[in-house]
Amino acid sequence: MDNLNTHKAASLYKAFPPSEARRIIKRLEIHYTPKHGSWLDMAEIELNIMTRQCLSRRISTLDKLKCELSAWEMERNRDTAKIQWHFQTGDAREKLISLYPTLSSVTF
């Protein structure tokens with residue numbers, strides 16, 4: 001689970017009566033992810049691919065949804081689909097240029 005503020009046990013108390021919130025919390029085992037984990041980015045990329053390739057249309061029943069997702073997953077695994085993750089320091093300096101001062105603006 002990411003560290004979004006709504007992903008805390010306290011949020012359940014805002015959404016449910018205290019007894020129901022406690023009941024739900026007792027059933028959860030929450031594992032928070034690192035705030036800067038690239039694997040989390042890759043998981044989000046994979047979910048986006050699944051949404052575009054499989055879920056971008058109306059699916060009428062839960063059984064049909066399970067069947068479609070299963071077929072999509074088997075095809076992805078069969079094709080050994082991979083995410084090419086190559087975000088390096090140079091890429092960061094280019095993409096996040098406002099966070100990296102240029103040498104001419106740095107005083108020593």
Side-chain angles (χ1 to χ4, degrees):
M1 180 179 304
D2 65 20
N3 292 285
L4 188 64
N5 64 341
T6 59
H7 297 159
K8 307 273 188 242
S11 296
L12 291 170
Y13 286 97
K14 292 179 182 176
F16 299 102
S19 60
E20 179 65 5
R22 272 192 306 277
R23 184 190 72 75
I24 294 169
I25 290 168
K26 287 180 183 179
R27 298 188 67 192
L28 297 177
E29 183 177 337
I30 298 174
H31 299 272
Y32 291 101
T33 57
K35 290 186 179 187
H36 302 290
S38 63
W39 69 267
L40 179 59
D41 295 329
M42 290 191 289
E44 289 176 349
I45 290 167
E46 189 70 15
L47 288 171
N48 184 277
I49 292 168
M50 178 185 67
T51 300
R52 284 186 287 115
Q53 292 180 350
C54 184
L55 303 176
S56 61
R57 65 202 189 301
R58 179 146 174 22
I59 300 175
S60 57
T61 66
L62 185 56
D63 287 337
K64 177 85 169 152
L65 174 64
K66 289 177 183 177
C67 181
E68 293 287 323
L69 285 171
S70 179
W72 177 84
E73 179 185 14
M74 287 191 321
E75 184 176 341
R76 286 287 284 175
N77 289 336
R78 185 194 69 228
D79 295 343
T80 59
K82 294 179 182 161
I83 297 170
Q84 299 298 317
W85 184 257
H86 298 289
F87 196 71
Q88 313 243 336
T89 304
D91 300 325
R93 289 187 188 283
E94 186 176 313
K95 186 169 183 143
L96 307 170
I97 196 163
S98 64
L99 302 176
Y100 291 93
T102 61
L103 287 178
S104 60
S105 66
V106 176
T107 56
F108 294 97

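Annotation: the span from E44 atom CD to I49 atom CD1 amounts to 12.5 Å, rounded to 0.5 Å. Here E73 contributes atom CD and M50 contributes atom CE; the two are 9.5 Å apart, rounded to the nearest 0.5 Å. Taking OH of Y13 as the start and CZ of R22 as the end, the distance is 5.0 Å to the nearest 0.5 Å. To the nearest 0.5 Å, atoms CD1 (I59) and CG (L65) are separated by 5.0 Å. Atom-to-atom distance recorded for C67:SG and L62:CG is 11.5 Å, nearest 0.5 angstrom.
A donor-acceptor distance shorter than 3.5 angstrom exists from the side chain of T51 to the backbone of L47, with no hydrogens or angles considered. Formation of a donor-acceptor pair under 3.5 Å by the R58 side chain with backbone atoms of L55 is not found in this model.
The minimum heavy-atom distance linking L69 with C54 is given by the pair CD2-SG, 3.9 Å.
E68 is listed as a side-chain neighbour of R57, based on a closest heavy-atom distance under 4.5 Å.
No path of Ile, Leu, Val, Met, Phe, Trp and Tyr side chains, each step under 4.5 Å between heavy atoms, connects M74 with W72, placing them in separate hydrophobic clusters.
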